Amino acid sequence: MPSGPSSAARTPFVLLVVLLLGGGLITLLLLNSALNQGSFKLRELKDRTTELTDEEQALQRDVDAHAAPDALERRARELGMVPGGSPAFLGPDGKVLGEPTVAPSPKPGRTPSRAPARTGDPGPARTREATAGPGASTAPEPTATERRPAATAPTTSGR
């Protein structure tokens, strides 16, 4: 039997199998590269999310620190504000509940300004704080004239 025609019929089949295997390997390589690229991008996005979350938490801590009651009171006093007097409330029937009082006016010598720069001298406020103990108020006691309510309510300029 002649062996020539059987080997010639086998060549296209072998070429087809080699092409299919080569094409499959190239397709797998491209698919694997695309998945790796996506995983790198995902890792970058997760790292960025972590950074932004840390930054958000730091900013929230700053906001909470500035919104704390003692920080608000200190900033208000720096601006020359004083605590309000006793409020009065209106009941559901329109009756006034409580006795309203006017807030004491600030001392005349004080002007609203930034807090002075700290020096080595502890000053009288520091001494009061040290002698009063922790948790005690270090605000100066109002004088008798400051405790007395004013005869008329203060007016505003309308701005």
Side-chain angles (χ1 to χ4, degrees), residues 20-159:
L20 286 174
L21 287 174
L25 287 175
I26 290 174
T27 304
L28 283 175
L29 178 67
L30 291 175
L31 183 64
N32 192 17
S33 297
L35 289 174
N36 283 338
Q37 183 179 6
S39 69
F40 287 135
K41 182 70 174 174
L42 180 64
R43 184 68 193 163
E44 288 175 12
L45 291 174
K46 283 183 178 181
D47 290 344
R48 181 73 177 137
T49 301
T50 302
E51 290 173 12
L52 290 174
T53 302
D54 292 344
E55 184 179 347
E56 178 190 16
Q57 289 174 353
L59 291 172
Q60 187 62 45
R61 278 193 307 270
D62 290 345
V63 167
D64 291 342
H66 290 299
D70 59 333
L72 289 175
E73 179 186 11
R74 183 177 56 250
R75 182 71 179 131
R77 287 191 189 275
E78 287 174 4
L79 293 173
M81 297 176 150
V82 295
S86 299
F89 300 96
L90 291 178
D93 58 352
K95 186 177 179 184
V96 177
L97 305 173
E99 183 70 28
T101 60
V102 177
S105 60
K107 294 181 181 177
R110 297 172 71 182
T111 58
S113 64
R114 299 247 182 237
R118 293 187 181 238
T119 60
D121 180 23
R126 192 76 159 146
T127 306
R128 276 195 306 270
E129 184 180 42
T131 58
S137 173
T138 60
E141 285 292 319
T143 61
T145 57
E146 289 177 337
R147 289 186 202 153
R148 186 171 24 120
T152 60
T155 61
T156 59
S157 62
R159 287 189 213 174

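A quick note: this is a predicted structure, and the numbers were derived from the prediction, not measured.
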*What's the spacing between Ile26 CD1 and Leu21 CG if we round to 0.5 Å?*
11.0 Å
Donor-acceptor pairs under 3.5 Å, side chain of residues 56-66 to any protein atom, not counting sequence neighbours: which ones?
| unit_1 | atom_1 | unit_2 | atom_2 | d |
| --- | --- | --- | --- | --- |
| Gln60 | NE2 | Asp64 | OD1 | 3.1 |

*Could you tell me whether Glu51 atom CD has more than 12 heavy atoms of other residues or ligands within 6.0 Å of it?*
yes
_Minimum-distance pair of heavy atoms, taken over all atoms of Ala103 and Val82_ = CB-CG2, 4.1 Å
*asked:* Main chain of Ser86, side chain of Thr101: is a donor-acceptor contact present, judged purely on distance under 3.5 Å?
replied: yes
*Can you list the residues that meet the side chain to side chain contact (heavy atoms under 4.5 Å, CB included) rule with Ser39, with sequence neighbours excluded?*
Asn36
_Rounded at 0.5 Å granularity, tell me how far CZ in Arg43 sits from CG in Asp47._
4.5 Å
*asked:* Quick test of your reading of the model: are Glu44 and Arg48 salt-bridged, counting only N-O distances below 4.0 Å?
replied: no
*What's the spacing between Leu42 CG and Leu35 CG if we round to 0.5 Å?*
11.5 Å
*asked:* So, using side chain to side chain contact (heavy atoms under 4.5 Å, CB included) as the criterion, who are the partners of Ala88 when residues are at least two apart?
replied: Val96, Pro100
*asked:* Please give me the minimum heavy-atom distance between Pro83 and Arg77, naming the atom from each residue.
replied: CG-NH2, 3.6 Å
